[in-house]
Number of protein chains: 2
Amino acid sequence: MNTRDKITRLADQLIRKQGYNAFSYKDLSEPMQVRNAAIHYHFPAKADVGIAVIDKAIREFDEYKQQWSDLPENEQLEQFAQMYMRNCKQGLICLMGSLAPDYLTLPEAMQMKVRAMGQDLLDWLTYCLEQGRKKGLFSFSGEAYDRALLVASTLLSALLLNRVLGEDTFQRMYDQLLSDLLKK
Amino acid sequence: MNTRDKITRLADQLIRKQGYNAFSYKDLSEPMQVRNAAIHYHFPAKADVGIAVIDKAIREFDEYKQQWSDLPENEQLEQFAQMYMRNCKQGLICLMGSLAPDYLTLPEAMQMKVRAMGQDLLDWLTYCLEQGRKKGLFSFSGEAYDRALLVASTLLSALLLNRVLGEDTFQRMYDQLLSDLLKK
DNA sequence: TTGATTACTTACTAGTAAGTTAGTAGTTTT
DNA sequence: AAAACTACTAACTTACTAGTAAGTAATCAA
């Protein structure tokens, strides 16, 4: 892994642990054992770091989608939810949960990336729910897009609230979410 | 309204617009037309501002709860959700949505306050849902506490996502949330 | 009337933030 | 072998951060 990728990975963890506005070039340069200017060489401005992190997340989600594409929709959704559960076990929230509260303080280029990432995720989830309902794998009322909003929102908040309200919070919300969707 | 209350109110809006780590004493002193030391006179450390904001939110929610106490539970829930809708119209997210992502960067005294605020809200919502279900006003499966987590999470995320995904997002999630709970 | 308290001000500090400039090894290209 | 490129470092700047110390005018209590 090259330096640029190492920085991106480290920044990703910092953003999802502390938030975009709470990490600095020092938090990147010190663990990497380089000078602050070395980070600026790869990423001239802080927004460039943020954009690289979001781009990486979009690419990785693309890969997951491909890997899951042959599974039935209920299992795809479970895989999707387990992605969040793995984050939870590492004490990390999701990128949207971290960046949405700071949205108005982000440079425009980052705002656009965050929006694109959200739309990308929602598009996939909407299609997954719609197809799954057609096959009788899911049971829910209303438009699939609206349900996708609620599903994504539950997983996002579950990561947030797990930190604040206690370590069983994610699991409780996860179980209830799936039981709601799968029940006849 | 005295200076201390004005500062608290301004800080509340800044936290819910930009996040706790993205606002400074300057953001308080400039609009108040006082020097930075004047803010420090009322709130020696930044955490003291944060704690005052959370305390105010807890007190105000207490007042709302009292005002709603004679309403049937479905109307109490609607009032609760409309509280979030008013925030949405002002472009503000809720305190939990703002502070939970930054939770690990907050001083311990603030972490405790955030947790207390969350538990307070969840306790009320759990009781509201439980009583409402007993009376046949709500229809949902599982424990009332778990359902309360999902309801709170939906409103919290609806405010976050409304910024990122477009201005109809809150309304869509609001409608779906209430329709899910109220449907027979 | 004196003394204390309240609500500030001016002026400052030490630390940190993102970002820049010029220079330099080591490698790659021509 | 010369030129160009890559990946840095050393040293710096400007701007802002939370926080402090000492002083002051106005009000309030004894």
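All values derive from a computational prediction rather than experimental measurement. So that the names make sense, note that chain A is the first sequence line, chain B the second, and so on, each numbered from 1.
Every pair passing salt bridge (charged side-chain N to carboxylate O under 4.0 Å, His left out) that includes a residue from residues 46-59 of chain B is listed here, sequence neighbours excluded: B/D55-B/K113, B/K56-B/E60. For the salt bridge (charged side-chain N to carboxylate O under 4.0 Å, His left out) condition, the pairs that include at least one residue of residues 3-14 of chain A, sequence neighbours left out, are A/D12-A/R16. Screening residues 72-87 of chain A for salt bridge (charged side-chain N to carboxylate O under 4.0 Å, His left out) gives A/E73-A/K135 as the qualifying pairs, with residues at least two apart or on separate chains. Counting only residues at least two apart or in different chains, salt bridge (charged side-chain N to carboxylate O under 4.0 Å, His left out) contacts with residues 19-32 of chain B are absent.
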Under 3.5 Å between N/O atoms: give me all the protein pairs with nucleotides 26-29 of chain C, atom names plus distance.
none

Set out, line by line, the N/O atom pairs under 3.5 Å between protein and nucleotides 9-12 of chain C.
from, atom 1, to, atom 2, distance (Å)
C/dT9, OP2, B/R35, N, 3.0
C/dT10, OP2, B/R35, NE, 2.8

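Using a 4.0 Å cut-off between charged side-chain N and carboxylate O, A/R147 and A/D180 make no salt bridge.
Side-chain contact, B/Q119 with B/D123: no donor N or O sits under 3.5 Å from an acceptor N or O.
A straight line from CG of A/L28 to C1' of C/dG19 spans 14 Å, rounded to a whole angstrom.
Residues B/L99 and B/I54 meet the side-chain proximity criterion, which asks for heavy atoms closer than 4.5 Å.
Heavy atoms of other residues, nucleotides or ligands lying less than 6.0 angstrom from OH of A/Y127 number 12 at most.
B/F43 comes within 4.0 angstrom of no nucleic acid atom, judged by non-hydrogen atoms across all strands.
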